[in-house]
Amino acid sequence: MLIDSYDRVVDYLRVSVTERCNFRCTYCMPEKPFSWVPKENLLTFEELFEFMKVAIDEGVKKIRITGGEPLLREGLDKFIRMIYDYAPSVDLAMTTNAFLLKGTAQKLKDAGLKRINVSIDTLIPKVAQDIAAKDVLKNVLEGVEEALKVGLKVKVNMVPMKTVNAQEIVSVLEYCKERNMSIRFIEYMENKFAAKEIVGMKSPELLSILSEHYEFSDDGFDGTSPSHYFTMKDGYRFGIIEPYEDDFCKKCNRIRLTAEGNLIPCLYFDEALSIRDSIKAGDIKGAALVLKEVVRTKPEKNRWGGEDGEVSSRAFYETGG
Ligand code: SAM
Ligand code: SF4
């Protein structure tokens, strides 16, 4: 079992399989200029899988595949199948923008994927185009319908931003509710790659808008999930991810692996250790030692909204959010 210096059990690994993306969301990446990590620097799926085995053997029980846009990486279903065949009980999930999901959902489900989180910030085509710098909404919504059809469990992530999609908080929630998909509103996290003019919405503001439309109770937190949950009178549950709140990190159980092999103990902190050389050399013991060291050095708290006003230099598209 992996336990950090603050007695938190670390059993959740988020794996970014590529930093590349077919969207340019204003809150995540600059439209340009851009330079990607050369493809030859990425760990292959076989190499990533070698590390998945190490992590699973050390106690990881949940793996989320993310990016960039994970569906851009060819052979993703084979990677999923490798993990599933090795440890069918691992909770295997993926976060995607769903643009390519219509043609891939069945293959991913057959390979062993159980759940997906899809980012839907708006239901208005022009707003979606403004956020992603591309006309994306039709493909995204078709991708979601296909995922539901093939039996994947779907959760939706929305990043509410003033003057961009604030007026759609209720309509996106209703879209999810109608399809029995839960929604999590993610507070916008400042970072140096996002467009300067973005103003995110914090939890109290979201709750105030939602309370004009619904009655709901505050359920607090559930296990190690980062979501603060609320339940409506009819039983529908929604969540808000509040990284600026003091207690957000108390139950954190996650670490992150980038496509190049950097193992990151916390989304905000710049520190990371690489498993790349050990994995490339077939040194499984070495990779396990790096994993344990990253868990040991996991910081107590993130620094979102720190007093110094510093913003994160860690790119969401690199770490996978
Ligand atoms: N491309 C996939 C997607 O968009 O779902 C996966 C990667 S994306 C980096 C993972 C999550 O991070 C998405 O739900 C996205 O909304 C969220 N995200 C990206 N930048 C963010 C920011 N600045 N603040 C809050 N959430 C952010
Ligand atoms: Fe791409 Fe996801 Fe970032 Fe949007 S949030 S630019 S879809 S990685």
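These values consider heavy atoms only, across backbone and side chains, with no hydrogens, waters or symmetry-generated copies. Every number for a ligand or one of its atoms is a count from 1 in the order of the listing.
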Ion pair [X]/[Y], N-O distance below 4.0 Å:
{"X": "Lys280", "Y": "Glu47", "value": "yes"}
{"X": "Lys102", "Y": "Glu142", "value": "yes"}
{"X": "Lys53", "Y": "Glu50", "value": "yes"}

Nearest protein heavy atom with distance in Å, relative to [atom]:
{"atom": "atom 1 (N) of ligand 1", "result": "Gly68 O, 3.0 Å"}
{"atom": "atom 18 (N) of ligand 1", "result": "Phe316 CD2, 3.7 Å"}
{"atom": "atom 24 (N) of ligand 1", "result": "Met189 N, 2.9 Å"}
{"atom": "atom 10 (C) of ligand 1", "result": "Gly320 O, 3.6 Å"}

Within ligand 1, which atoms have a heavy atom of [X] less than 4.0 Å away?
{"X": "Asn157", "value": "14 (O)"}
{"X": "Thr96", "value": "2 (C), 3 (C), 5 (O)"}
{"X": "Thr66", "value": "6 (C), 7 (C)"}
{"X": "Asn97", "value": "2 (C), 3 (C), 5 (O)"}

Atom NZ of Lys134: over 12 foreign heavy atoms under 6.0 Å: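 Enclosed.
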More than 12 heavy atoms from other groups under 6.0 Å of CG on Asp218: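 Yes, enclosed.
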Heteroatom distance test ([X], ligand 1): nitrogen or oxygen, under 3.5 angstrom:
{"X": "Asn117", "answer": "no"}
{"X": "Thr95", "answer": "no"}
{"X": "Tyr317", "answer": "no"}
{"X": "Tyr27", "answer": "yes"}
{"X": "Ser119", "answer": "yes"}

Please work out whether any backbone atom (N, CA, C, O) or any side-chain heavy atom from C-beta onward of [X] is under 4.0 Å from ligand 1, and answer side chain, backbone, both or neither.
{"X": "Asn191", "value": "side chain"}
{"X": "Val159", "value": "side chain"}
{"X": "Glu187", "value": "backbone"}

For Met29, atoms of ligand 2 separated by under 4.0 Å from a heavy atom: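 Listed by number with element, the hits are 6 (S).
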Do the side-chain N and O atoms of [X] and [Y] include a donor-acceptor pair separated by under 3.5 angstrom?
{"X": "Tyr86", "Y": "Asp57", "value": "yes"}
{"X": "Asp219", "Y": "Thr231", "value": "yes"}
{"X": "Asp11", "Y": "Asn253", "value": "yes"}

Any Gly67 heavy atom less than 4.0 Å from ligand 1: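 It does, in that a heavy atom of Gly67 comes within the 4.0 Å cut-off of ligand 1.
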Heavy atom of Ser119, distance to ligand 2 below 4.0 Å: no
Aromatic ring proximity Tyr27/Tyr188, centre distance under 6.0 Å: no
Ring centre gap for Phe99 and Phe23 strictly below 6.0 Å: yes
Cys28 near atom 4 (Fe) of ligand 2 via N/O/S, less than 2.8 Å: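 False for Cys28.
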From CA spacing to verdict: salt bridge (Lys or Arg N to Asp or Glu O under 4.0 Å), Glu260, Arg276: CA-CA 7 Å; Glu260 282 182 286; Arg276 185 184 177 81; 5.6 Å; no
Among Lys61, Arg256, Arg64, the one residue meeting side-chain hydrogen bond (donor to acceptor under 3.5 Å, both in side chains) with Tyr12: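 So, applying the side-chain hydrogen bond (donor to acceptor under 3.5 Å, both in side chains) to Tyr12 and each of Lys61, Arg256, Arg64, only Arg64 qualifies.
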Atom 1 (Fe) of ligand 2 contact by Cys21, N, O or S atom under 2.8 Å: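 Cys21 does place an N, O or S atom closer than 2.8 Å to atom 1 (Fe) of ligand 2.
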